[in-house]
Trainee: 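Encoded as structure tokens, here's the structure I'll be asking about.
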Amino acid sequence: MGKEQGGIRHPEHQRMRVTLFIGVVGLCATAYILGAWQGTSTSNIKPSPVVYTRRSQCDDDATPRASSAASARPAGAPLDFQAHHQVVGFNESSLAPEKIPPCQLKYSEYTPCHDPRRARKFPKAMMQYRERHCPKREDLFRCLIPAPPNYKNPFKWPQSRDYAWYDNIPHRELSIEKAVQNWIQVEGNRFRFPGGGTMFPHGADAYIDDINTLIPLTDGNIRTALDTGCGVASWGAFLLKRGIITMSFAPRDSHEAQVQFALERGVPAMIGVMATDRIPYPARAFDMAHCSRCLIPWNKLDGMYLVEVDRVLRPGGYWILSGPPIHWKRHSKGWQRTEEDLKQEQDEIEDIAERLCWKKVVEKDDLAIWQKSSNHMECANSRKAEETLQMCNSSDVDSAWYKKMEACISPLPDVKSEEEVAGGALDKWPERAFAVPPRITQGSVSGLTPEKFQEDNKLWAERVEHYKKLIPPLAKGRYRNVMDMDAGMGGFAAALMKYPLWVMNVVPAGSARDALGVIYERGFIGTYHDWCEAFSTYPRTYDLIHADKVFSFYLDRCDITYILLEMDRILRPEGTVIFRDNVETLVKIQAITEGMRWKSQIMDHESGPFNPEKILVAVKTYWTAEPAQNR
């Protein structure tokens, strides 16, 4: 009987359970809906973080300027990420931005790791004093590098190739020193670049045409070039219309502001020198290298500088030399050197090239051209050991961040025949940009596969389409000099190919995956760099900077305030920065940049509000140093 009673279910108990269950479900649903509403309160905001207006201070009245309303948000829809996200390590008082003051006007062209005053402390032997020498932490500037008074946005490309505003780089020295060579001329309130150079006073265009009669420049096989000792980069400037992009470098020396002029023109360039460290590029990066009276002692130090060119030159690539000692019989008096001295120098260069297994293609008038062999098999089979330079023991040929040069040949990847190109043949440009690079097909970069490469291209194509909605000027030629602070495989640069701009693809030193060689195989350019230090460029040289998870990488490595101050140094007034990162990191960045005269807004990820990664778009406002400041 007891068992029968224990098994009876009373109707009123059942109703109570059903009612309780419905109530719990209802509460859960209400809480979920409320949470979703709070988390997506910004999803209906029009994705245009910056208001662009015309600027009256600039002669180029068509140049967009970030107005004081740059961070304005639609009424009734505040973008308040801080209200919904706990920021680890930040309290309420720490979110108040530090107001960072401007530096003195005398620092308007400050280059922290190439400071001429600091350089004097280092030996002049082998140009060591011209290499990177960065300030210690206690010597870092915690101020904003000012633009000079009357600074104007540069001319738009392609006009910028030929003109620059005098007020932006107020240096007449080169126009006087290089007047005969037609480097640069002053015309009223602007500079004009006739395209001349030390060995091509009649213009880079005609000089390049001369080269084109000796080796083919326009069939798509030559895409990446290196110009050592570039002057104002006219050679690189005029190669662009032939589909060739050039990494130009020169030291910060007595030729004041030559690299700054190059970048002001919208031409890729860096401060750099052939000294004791490897130049910061991977092995087999360039299809062509060039020296036009660059004053590099190619025949000295057991040929170490030519060996370094050999490291970064692709198999089958060309090295072009004009100036001393080429055509010495004609130029010896003008160069104020004896014929015997010049002949000896050329003989020594010829000998080093021979020991590198380079083939001399041609010498005509003021030009001499050599070609690197396609692999080392032919040379190994046909030469005695004493007839070639020693091979390096290390296979770490791409390592180039504070890595000392060596007078030994960097080994090439193995081949099965003398006809095979070591490391793999490349497609012609522009197909090269989206063809799977040999470094990936051959498994040279750990973790990268052809499938991941294709996925990455698709991803960045979608992201750039989204960026165009956030920043309308991106598709209107507003930006010329672009930097990607952590470029990955170069997908961002590839997605921007159809626009009149170029990208400096940076691979952070110490990255788990070094794909800079992949980027070069795609036909783009870039460099190694550690963002805990200043970049090798002048202030105000980039229009747009892209930072994809850069700050998550550096958060525990160095003070991110100094990284942001460096970005401010190299960003032009009214330039734009796109950050991609988690919300906590972006809130920290935004808090710091509010004290740097930047206007910014955090946006949802292109895939929607539920993605924890967000986008911060920031604009550096226009301001200049006061004319009354003393130098």
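The structure presented is a predicted model; accordingly, all values stated were derived computationally and were not measured.
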Trainee: Minimum heavy-atom separation for V507 to L516, with atom names?
Mentor: CG2-CB, 3.7 Å
Trainee: Does the pair F434 and Q454 meet the rule for a side chain to side chain contact (heavy atoms under 4.5 Å, CB included), with working shown?
Mentor: CA-CA 8 Å; F434 293 99; Q454 301 294 1; over 6 Å; no
Trainee: Rounded to the nearest 0.5 Å, what separation is found between the CD1 atom of I525 and the OG atom of S248?
Mentor: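 Taking CD1 in I525 and OG in S248, the distance rounds to 8.0 Å.
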Trainee: Check whether any side-chain heavy atom of L226 sits under 4.5 Å from a side-chain heavy atom of F249, and report yes or no.
Mentor: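 Sidechains of F249 and L226: in contact.
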Trainee: Where do A147 and W623 come nearest, in terms of heavy atoms and distance?
Mentor: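 The answer is CB-O, 4.0 Å.
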Trainee: Do the non-hydrogen side-chain atoms of N168 and F191 ever get within less than 4.5 Å of each other?
Mentor: no
Trainee: Is atom NZ of K121 surrounded by more than 12 heavy atoms (other residues, nucleotides or ligands) closer than 6.0 Å?
Mentor: no
Trainee: Quick one: does L240's side chain get under 4.5 Å of W157's, heavy atoms only?
Mentor: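 Yes, side chains in contact.
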Trainee: Under 3.5 Å, side chain of R278 to main-chain N/O of S399, donor-acceptor pair present?
Mentor: yes
Trainee: Within the structure provided, determine whether F261 and Y538 are in side-chain contact (heavy-atom separation under 4.5 Å).
Mentor: no
Trainee: Would you confirm whether N505, through its side chain, and F524, through its main-chain N or O, come within 3.5 Å as a donor-acceptor pair?
Mentor: no
Trainee: Checking R120 against Y129: charged group under 6.0 Å from the ring centre and within 45 degrees of the axis?
Mentor: no
Trainee: Taking atom CG of N481 and atom CZ of R572, what is their separation to the nearest 0.5 Å?
Mentor: 4.5 Å
Trainee: For a side chain to side chain contact (heavy atoms under 4.5 Å, CB included) check, start with the C-alpha distance between I440 and E521, then their side-chain angles and the critical distance, and finish with the verdict.
Mentor: CA-CA 10 Å; I440 292 180; E521 288 182 341; over 6 Å; no
Trainee: Taking side chain to side chain contact (heavy atoms under 4.5 Å, CB included) as the test, write out the residues that go with K476, two or more places apart.
Mentor: P472
Trainee: Look at D277 together with K403 and state whether they make a salt bridge at an N to O cut-off of under 4.0 Å.
Mentor: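 So D277 does not pair with K403 through a salt bridge.
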Trainee: Give me the atom names and distance for the closest heavy-atom approach of C143 to P102.
Mentor: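 Reported closest heavy-atom pair: CB-C, 3.9 Å.
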Trainee: With a 6.0 Å cut-off on the ring centroids, do Y542 and W502 count as close?
Mentor: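 Ring-ring flag for Y542/W502: true, centres closer than 6.0 Å.
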Trainee: Using only atom types and a distance under 3.5 Å, with no angle test, would you say the side chain of K620 pairs donor to acceptor with the backbone of L571?
Mentor: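 Side chain of K620 to backbone of L571: a pair is present.
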Trainee: Does F579 form a side chain to side chain contact (heavy atoms under 4.5 Å, CB included) with T585? I'd like the steps, not just the answer.
Mentor: CA-CA 10 Å; F579 301 90; T585 300; over 6 Å; no
Trainee: Does a donor on one side chain and an acceptor on the other come within less than 3.5 Å for Q590 and S600?
Mentor: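 Result is yes, a qualifying pair exists.
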Trainee: Let me see the working for D543 and R480 under salt bridge (Lys or Arg N to Asp or Glu O under 4.0 Å), right down to the final yes or no.
Mentor: CA-CA 6 Å; D543 303 296; R480 172 63 184 170; over 6 Å; no
Trainee: Mark yes or no for whether K614, through its side chain, and P609, through its backbone, hold a donor-acceptor pair below 3.5 Å.
Mentor: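 A pair under 3.5 Å: yes.
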Trainee: Within a strict 4.5 Å, meaning less than it, do heavy atoms of the P148 and R540 side chains meet?
Mentor: yes
Trainee: Can you tell if the side chain of N611 reaches within under 4.5 Å of the side chain of D604, non-hydrogen atoms only?
Mentor: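 Side chain of N611 against side chain of D604, heavy atoms only: no contact under 4.5 Å found.
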Trainee: Enter the distance from R265:CZ to F193:CZ here, rounded to the nearest 0.5 Å.
Mentor: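 R265 CZ to F193 CZ: 5.5 Å, rounded to 0.5 Å.
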Trainee: How about M596 and L144: do any of their side-chain heavy atoms sit closer than 4.5 Å?
Mentor: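 Yes. Closest side-chain heavy atoms under 4.5 Å.
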Trainee: Return the set of residues passing side chain to side chain contact (heavy atoms under 4.5 Å, CB included) with Y110 (not counting sequence neighbours), or none when no residue passes.
Mentor: Y107, P112, D115, R117, R118, P135, F141, I145
Trainee: Identify all side-chain donor-acceptor contacts of residues 484-500 below 3.5 Å with residues at least two apart in sequence or on another chain.
Mentor:
| from | atom 1 | to | atom 2 | distance (Å) |
| --- | --- | --- | --- | --- |
| D484 | OD1 | H546 | ND1 | 3.1 |
| Y499 | OH | K468 | NZ | 3.1 |

Trainee: Indicate whether the side chain of H171 and that of Q260 have a donor and an acceptor atom separated by less than 3.5 Å.
Mentor: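 Per modelled atom types, H171 and Q260 side chains form no pair under 3.5 Å.
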Trainee: Holding to side chain to side chain contact (heavy atoms under 4.5 Å, CB included), I want the full list of residues that pass it with C134, two or more places apart in sequence or in another chain.
Mentor: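 C134 satisfies side chain to side chain contact (heavy atoms under 4.5 Å, CB included) with C113, R132, Y402, E533 once adjacent residues are dropped.
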Trainee: Describe, in one word, how the ring planes of Y163 and F155 are oriented to each other, choosing from parallel (under 30°), tilted (30 to 60°) and perpendicular (over 60°).
Mentor: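 Correct class here is tilted.
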Trainee: Would you say that R142 contacts D559 through its side chain, given a criterion of any heavy-atom pair below 4.5 Å between the two side chains?
Mentor: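 Contact flag for R142/D559 side chains = yes.
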Trainee: Identify the heavy atoms of R439 and A283 that sit nearest to each other, and give their distance.
Mentor: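 Looking at all heavy atoms of both residues, the shortest contact is NH2-O, 2.9 Å.
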Trainee: Please determine, by modelled atom types, if Y528 and D398 share a side-chain donor-acceptor pair under 3.5 angstrom.
Mentor: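 There is no such pair between these side chains.
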Trainee: Within the 3.5 Å criterion, strictly below it, is a donor on N457 or R522 matched to an acceptor on the partner's side chain?
Mentor: yes
Trainee: Can you name the closest pair of heavy atoms from G526 and M504 and give their distance?
Mentor: CA-SD, 4.1 Å
Trainee: Sort and list the pairs that fulfil disulfide (SG to SG under 2.5 Å) and have at least one residue in residues 470-532, not counting sequence neighbours.
Mentor: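 Applying disulfide (SG to SG under 2.5 Å) to every pair that reaches into residues 470-532, excluding sequence neighbours, yields C532-C558.
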Trainee: Which heavy atom of P149 sits nearest a heavy atom of L105, and at what distance?
Mentor: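 Closest pair (atom of P149, atom of L105, distance): CD-CD1, 3.9 Å.
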Trainee: Counting N and O atoms only, with roles assigned by atom type, does the side chain of K152 sit under 3.5 Å from a partner on the main chain of D167, one being a donor and the other an acceptor?
Mentor: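 Judged by distance alone, no pair lies under 3.5 Å.
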Trainee: Hey, is E566 close enough to R569 for a salt bridge, meaning N to O under 4.0 Å?
Mentor: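 Judged by the 4.0 Å cut-off on N to carboxylate O distance, E566 and R569 do form a salt bridge.
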Trainee: Is a side-chain N or O of Q128 found less than 3.5 angstrom from the main chain of T276, in a donor-acceptor match?
Mentor: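 No, because the side chain of Q128 does not come within donor-acceptor range (under 3.5 Å) of the backbone of T276.
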Trainee: Just how far is it from atom CD1 of I592 to atom CD1 of I100, taken to the nearest 0.5 Å?
Mentor: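 That separation rounds to 7.5 Å.
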Trainee: Quick one: does any side-chain atom of T624 pair with a main-chain N or O of Y151 as donor and acceptor, under 3.5 Å?
Mentor: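 Such a contact is absent between T624 side chain and Y151 backbone.
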Trainee: Could you tell me which residues satisfy side chain to side chain contact (heavy atoms under 4.5 Å, CB included) with K549, sequence neighbours excluded, listed by chain and number?
Mentor: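 Counting only residues at least two positions away or on another chain, K549 forms a side chain to side chain contact (heavy atoms under 4.5 Å, CB included) with D581, E613.
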Trainee: State, without any angle test, whether T527 and H529 hold a side-chain donor-acceptor pair at a distance under 3.5 Å.
Mentor: no
Trainee: As an exercise, state the distance from OH of Y467 to CG of L474, rounded to the nearest 0.5 Å.
Mentor: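 Here the interatomic distance stands at 10.0 Å.
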Trainee: Are any side-chain N or O atoms of R513 and backbone N or O atoms of S446, one a donor and one an acceptor, separated by less than 3.5 Å?
Mentor: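 Judged by distance alone, yes, a pair lies under 3.5 Å.
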Trainee: Please assess K588 against L555 for the test side chain to side chain contact (heavy atoms under 4.5 Å, CB included), listing each intermediate value before the final yes or no.
Mentor: CA-CA 10 Å; K588 292 178 183 181; L555 206 55; 4.1 Å; yes
Trainee: Is a donor on one side and an acceptor on the other found under 3.5 Å between the side chain of Y520 and the backbone of P282?
Mentor: no
Trainee: Do W165 side-chain atoms and N189 backbone N/O form a donor-acceptor pair below 3.5 Å?
Mentor: no
